[in-house]
Protein chains: 2
Amino acid sequence: NAGTIRVSEIFGPTIQGEGAVIGQPTVFVRTGGCDYRCSWCDTLYAVDSSFRDLWKPLSPEAIMAEVIKLSGNKPLLVSLSGGNPAIQPLGGLIDMGHEQGYRFALETQGSVAKDWFAKLDNLTLSPKPPSSEMETDWDILGSCVAAAGPDTDTALKIVVFDDLDYAYAKEVSRRYPQLPVFLQPGNHTPGTVDEEAPGVDMKGILERMRWLVDKVVEDQWFEATVLPQLHVLIWGNERGV
Amino acid sequence: NAGTIRVSEIFGPTIQGEGAVIGQPTVFVRTGGCDYRCSWCDTLYAVDSSFRDLWKPLSPEAIMAEVIKLSGNKPLLVSLSGGNPAIQPLGGLIDMGHEQGYRFALETQGSVAKDWFAKLDNLTLSPKPPSSEMETDWDILGSCVAAAGPDTDTALKIVVFDDLDYAYAKEVSRRYPQLPVFLQPGNHTPGTVDEEAPGVDMKGILERMRWLVDKVVEDQWFEATVLPQLHVLIWGNERGV
Ligand code: SF4
Ligand code: SF4
């Protein structure tokens, strides 16, 4: 069925932990499947086809029914994530949710452009830096920006582990100076175990966050916004929160 | 001198750790003196007159010179905080900075309204909840909203320690439904000492953050944004970062 969406998990409401809508209550719809294999991917269960049996093919109606149930029928922000949600047919779901007052934010690496990006309330393009071991197709990234158009709030979010990633982030921003840019310190998972946050290298995350702030300040990149993954600081790498 | 501003400290650039401009690189100008005495005030050194000898009376020119020096003459966001910065004559400083491309965000409890609020780029009104043991003058808070006018991005930020504070936050938001509202878990300082964050009750802060997210979700207050004090998570209660 052409309208069927492969779903890894639907959960919430919780708060959005990253980027432009950080702190906003949201329900997550995580789709299954990804055209990338980032070296540090922290959602392999929504990427690798060995987990395929855990993904459910759902209609837009079934997804909206679950979102409405979780949110007690009170409209809120729906966060579409993955995997790469851009490879799923999400236009109908967005239309259906909009009719009922829900808003939609989507995050993708920008490797697949879709016309329905223009229906989104927020689009976060998160092209992957060198540490991911992926290659950026700049033409397709440009098509994603163009597809979103003027009615969608589009932002860039770049994960930064090291100096090379930082230089990459500057290059992405140089290409799209009109887009707000969010820098996010990388999270190697799993690392040392911290009592407050099981499975998380909290020390490493905080050190990388401090390093990234220092870097931005020294470099005088004052247009960038630096934000950690808040949900990781608060709940660790648990799923479903 | 009528144009002199009492300054407790000027530091940065670092990132803004709270509210509407969280994560943005900024230089802080903290003024000395406050008309409140919140039970949990974490900047007593900028409030209590026993610290008065540490505050410097500075001209707007001297303050801008320091901001320009710290930012390497590259315009950025200047965060005006206190104490209560609204009791200082800041209009001239804002005009001077704007001419050079700097932007200004100010946070105040909303107990004093000034015409120059309309010059600000961002105004955060942070009226104090019951746990502060302060009383809100609703008329003056309304005057602050009105003074800011349509050209200033105005937001509400409420610190929440407990259920009474939460109910207060809802009441503030009910009065100003047009304003975005940020909820911030309270930070009792100092608490138990954590290695990564000296002087901070990190466990208490994280527990209060989780509690507040649960509360907002159960209450379906999906218009609220919940954000912790990021700088406290990253650097603890150190000054000057
Ligand atoms: S693009 Fe995202 S989901 Fe896909 S492999 Fe990379 S990190 Fe994982
Ligand atoms: S209003 Fe702010 S600066 Fe003044 S006493 Fe309260 S917490 Fe401290």
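Just so we're on the same page: letters track the sequence lines, and every chain starts at 1.
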Check whether any side-chain heavy atom of [X] sits under 4.5 Å from a side-chain heavy atom of [Y], and report yes or no.
X       : Y        : value
A:Val21 : B:Thr225 : no
B:Ile15 : A:Met209 : yes
A:Lys74 : B:Glu223 : yes

(message) Is A:Val213 close to chain B through its backbone or its side chain, or both, or neither, when contacts mean heavy atoms under 4.5 Å?
(response) side chain
(message) Report which part of A:Ile22 has an atom under 4.5 Å of a heavy atom belonging to chain B: side chain, backbone, both, or neither.
(response)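 The answer is both parts of A:Ile22.
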(request) Please say whether more than 12 non-hydrogen atoms of neighbouring residues, nucleotides or ligands are located less than 6.0 Å from NZ in A:Lys215. (result) yes
(message) Take a 6.0 Å sphere around NZ of A:Lys170 and say whether it holds more than 12 heavy atoms from other residues, nucleotides or ligands.
(response) yes
(request) Measure from the side-chain N and O atoms of B:Arg210 to the backbone N and O of A:Trp235, and report whether any donor-acceptor pair falls under 3.5 Å. (result) no
(request) Using non-hydrogen atoms and a 4.5 Å limit, figure out which bit of B:Ser71 sits close to chain A: side chain, backbone, both or neither. (result)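 For B:Ser71, backbone and side chain are both near chain A.
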(request) Grab the two heavy atoms, one from B:Pro13 and one from A:Val217, that are nearest each other, plus how far apart they are. (result)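 The answer is O-CG2, 3.4 Å.
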(request) Could you tell me which non-hydrogen atom of B:Ala224 sits nearest to which non-hydrogen atom of A:Pro25, and how far apart they are? (result) O-CD, 2.8 Å
(message) Once rounded to the nearest 0.5 Å, what's the spacing between atom CG of B:Leu212 and atom CD1 of A:Ile234?
(response) 9.5 Å
(message) I'd like to verify something: which residue of B:Gly23, B:Pro75, B:Pro228 has the highest number of heavy-atom pairs under 4.5 Å with chain A?
(response) B:Gly23
